[in-house]
Amino acid sequence: MKEKSRLIFHLDVNSAYLSWEAAYRLQQGEKIDLREIPSIVGGDEASRHGIVLAKSIPAKKFNIITGETLYSARQKCPELIIAPPRYWLYIQCSNALTEILQEYTPTIQRFSVDESFLDFTNMDHLYPDYIILAEELKERIKKELGFTVNIGISSNKLLAKVASDFKKPDRIHTLFPCELKKKMWPLPVEDLFMVGRATLPKLNKLNIFTIGDLATYNLDLLKHSLKSHGNLIWNYANGIDSSEVRPGKHIEMKGVGNSTTLPFDVCDKKEAHLIILSLVEMVATRLRNSENCCSVISISVKSCDFIGYSHQRKLYSPTDSTDKITNVAWELFDEKWKGEPLRHMGIHITGLCSNEFYQCGLFDDTNIEKAQAIDKTIDEIRSRYGSNSILRSSFLHSGIKSMSGGIGEEDYPIMTSLL
DNA sequence: TCTGGGGTCCTAGGACCC
DNA sequence: TCTGGGGTCCTAGGACCC
């Protein structure tokens, strides 16, 4: 049986955070469009979050790259305009975009806050010309929401994604298998999805410099040096990808984590425990919102000299209790920490499973039930009145936020998982 | 005034079991 | 009385993405 050819769009917001910031400022009456001058969205240096989160196209001309320090970005371009991030705005923009997309097809996969895959397979009766469809989408977004997007079109997700990364902004590109050799093979191999900074030097050592070099390389030799990752990127270089566009509700969550870079080095165990508690408050709330329990708890730290390590433990029975997770996290921390000053701390929970067995009271333990009732009540108060509406007394006068990670700075109802 | 935070997947080594 | 081997689970770390 012949495989039916699919029609996939990949839609990518151009310089998302910066575009959204620019559109918002124009709407607020500001005269300057950040997109037209060297500008970036960047974190707060005083609290040690000073990196570039997004850049304008003029800023890119100064070789400013996402992730570099603001200090270094300013050196490259002294007149650079730096805008602080407004995460609530970006989530609103992302949601507004998704609402428009949903009018066109139900098969949408939000790949990140600013990227989506859309499946238009077998919809030619509605949209006989996919270029006209893409034009309509692009123009509607520009007119109604005030920002531009790139749309990549192909018969699978990988090629659609590569296509959307071609010339920017405000463009539509196709990359069908028949166009591979002409449009994709001449590109540098690091432009391929899943070829990152560790893989690039390994490929270069094998004399692979373009995507075409990779596509035509001997697969067995490649697998020998790069294991299964070699297989993956070789397929990608040849345009092979059969993954489905999966709408959000069909994707199960694998883990939940929050971490934070602290405004000052932490050297005191009590303080460290309080930060762990504030992270667990966020992680555990998100866990309960997802109606899951976890069976693995992991802490991670990074010292002020940027050396980090992690420590994890599997539990005998899954839990969603803030108290229980906190106690295990404290134990894990105490087992590993040698007293070095810490700049970063994080909590991750994995081994998720449905909480339904706990909810129906299979385990008739009054302590567990009581703890669950408390967690549930606190969750409800916070979702109604904001995350700071109720907090543990240990945080009073501590100078440490009662919940950290996630959306963070502003005080507004907790956002459940983005996707 | 240095260097974020949210994820997923894979691998390697050791423990343990048969 | 001289070093099996297959399998699973657990942990730590690293790769990649946005």
Side-chain angles (χ1 to χ4, degrees), chain A residues 10 12-13 15-17 40-54 65-75 82 84-85 87 90-91 94 109-117 157-158 161 164-165 190 192-202 226-233 236 243 246 251-263 279 282-283 286 290 295-316 332 335-336 343-352 404-409 415-419:
Chain A
H10 179 258
D12 190 327
V13 178
S15 326
Y17 285 8
I40 58 169
V41 172
D44 172 41
E45 284 168 303
S47 61
R48 311 204 288 192
H49 288 67
I51 61 155
V52 176
L53 298 164
I65 54 172
T66 304
E68 79 177 316
T69 61
L70 298 191
Y71 175 81
S72 142
R74 266 194 303 260
Q75 301 241 300
I82 303 177
Y87 293 105
Y90 310 150
I91 289 169
S94 176
Q109 182 178 352
R110 286 177 85 171
F111 191 64
S112 73
V113 73
D114 65 336
E115 285 181 38
S116 290
F117 289 100
K157 287 164 72 179
L158 182 269
K161 182 161 168 55
S164 71
D165 211 33
E190 60 268 31
L192 187 64
F193 183 62
M194 294 303 285
V195 175
R197 72 188 156 91
T199 308
L200 181 61
K202 292 180 196 167
L226 295 170
K227 316 283 181 217
S228 68
H229 193 63
N231 199 40
L232 179 82
I233 60 177
Y236 284 178
S243 63
R246 291 191 304 165
I251 300 176
E252 55 173 335
M253 202 189 298
K254 299 289 168 54
V256 185
N258 283 107
S259 64
T260 185
T261 291
L262 306 155
L279 288 163
M282 179 61 78
V283 166
R286 294 172 59 202
S290 73
S295 59
V296 179
I297 297 171
S298 158
I299 61 119
S300 61
V301 302
K302 192 156 50 176
S303 66
C304 56
D305 46 12
F306 279 80
I307 294 167
Y309 50 87
S310 65
H311 193 33
Q312 69 178 60
R313 177 167 302 147
K314 185 170 164 50
L315 308 175
Y316 290 108
L332 290 165
E335 283 167 17
K336 282 278 164 151
R343 122 178 224 120
H344 180 99
M345 304 183 75
I347 304 288
H348 274 81
I349 52 182
T350 51
L352 303 194
S404 47
I407 309 303
E409 313 309 318
M415 294 286 177
T416 49
S417 172
L418 259 184
L419 304 182

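Numbered from 1 within each chain, the chains take letters A, B, ... in sequence-line order. Model, not experiment: these values are computed from the prediction.
Heavy-atom distances to DNA chain B give each of A:D305 and A:K227 a nearest nucleotide, and the one nearer the 5′ end belongs to A:D305. Mapping A:T66 and A:V256 onto DNA chain B by nearest heavy atom places A:T66 at the nucleotide closer to the 5' end.
Distance A:K336 NZ to C:dG13 C1': 11 Å, rounded to the nearest Å. The distance from atom CG of A:L158 to atom P of C:dC16 is 16 Å, rounded to the nearest whole Å. For A:I307 and C:dG14, the CD1 to P distance is 12 Å, given to the nearest whole Å. The distance from atom NZ of A:K254 to atom P of B:dC9 is 4 Å, rounded to the nearest whole Å. In this structure, CE of A:M345 is placed 18 Å from C1' of B:dG6, rounded to the nearest angstrom. For the pair A:I233 CD1 and B:dC9 P, the computed distance is 18 Å after rounding to whole Å. Spacing between atom CG of A:L226 and atom C1' of B:dC9 amounts to 16 Å, rounded to whole angstrom units. Taking atom CD1 of residue A:I297 and atom C1' of nucleotide C:dC10, one finds them 15 Å apart after rounding to whole Å.
A distance of about 32 Å separates the P atoms of C:dC17 and B:dT1, rounded to the whole Å.
Checking C:dC16, C:dT11, B:dT1 against every side-chain atom of A:T199, the shortest atom distance belongs to C:dC16. Distance from the side chain of A:Y71 is smallest for B:dT1 among the nucleotides C:dC10, B:dT1, C:dA15. In the set B:dT3, C:dC16, C:dC18, the nucleotide with an atom closest to the side chain of A:F111 is C:dC18. When distances are taken from the side chain of A:Q312 to each of B:dT8, C:dA12, C:dC16, the shortest belongs to C:dA12. With B:dG6, C:dC16, C:dG13 as the choices, the nucleotide that has an atom nearest any side-chain atom of A:S259 turns out to be B:dG6.
Checked by atom type and distance alone, the side chain of A:R343 never pairs as donor or acceptor with a backbone atom of A:D305 at under 3.5 Å. Between the side chain of A:S94 and the main chain of A:V113, a donor-acceptor pair closer than 3.5 Å is present.
A sub-4.0 Å separation between OP1 or OP2 of B:dC2 and a side-chain N or O of A:S72 is absent. Listed pair A:K161 / C:dC18 meets the phosphate criterion, a side-chain N or O lying under 4.0 Å from OP1 or OP2. Phosphate contact (OP1/OP2 of B:dT3, side-chain N/O of A:H344, threshold under 4.0 Å): absent. For C:dA12, the OP1/OP2 oxygens have a side-chain nitrogen or oxygen of A:H311 closer than 4.0 Å. At the phosphate of B:dG5, neither OP1 nor OP2 sits under 4.0 Å from any side-chain N or O atom of A:N258. OP1 or OP2 of B:dG5 sits under 4.0 Å from a side-chain N or O of A:T260. Contact annotation: A:H229 side-chain N/O to B:dC9 OP1/OP2 distance is not under 4.0 Å. For B:dT11, one of the phosphate oxygens OP1 or OP2 lies less than 4.0 angstrom from a side-chain nitrogen or oxygen of A:S228. For C:dT11, neither phosphate oxygen OP1 nor OP2 lies less than 4.0 angstrom from any side-chain nitrogen or oxygen of A:S298. In terms of phosphate contacts, A:R343 brings a side-chain nitrogen or oxygen within less than 4.0 Å of OP1 or OP2 of B:dT3.
Annotation: side chain of A:T261 is in contact with side chain of A:H49 (closest heavy-atom distance under 4.5 Å). Looking only at side-chain heavy atoms (C-beta outward), A:F117 and A:R246 stay at 4.5 Å or farther from each other.
Here A:E115 lies in heavy-atom contact (under 4.0 Å) with sugar-phosphate atoms only. Across all strands, A:G346 comes closer than 4.0 Å to no nucleic acid atom at all (heavy-atom distances). Residue A:V195 is in sugar-phosphate contact alone, with no base atom involved, counting any heavy-atom pair closer than 4.0 Å across all strands shown. In this structure, A:F193 reaches the sugar-phosphate backbone alone: every heavy-atom distance under 4.0 Å involves primed, P, OP1 or OP2 atoms, never a base. Residue A:G43 is classed as having no contact, given no heavy-atom separation below 4.0 Å to the nucleic acid. Among the atoms of the strands shown, only primed sugar atoms or phosphate atoms (P, OP1, OP2) are found under 4.0 Å from some heavy atom of A:R313.
Side-chain N/O atoms of A:D44 and A:S47 include a donor and acceptor closer than 3.5 Å. Side-chain contact annotation: A:H348 with A:S298, donor-acceptor N/O pair under 3.5 Å absent.
For C:dG13, the paired nucleotide is B:dC10, the pair qualifying as Watson-Crick or G-U wobble because both relevant distances are below 3.5 Å.
One distance of note links CG of A:L226 with CD1 of A:I233; it measures 5.5 Å at 0.5 Å rounding.
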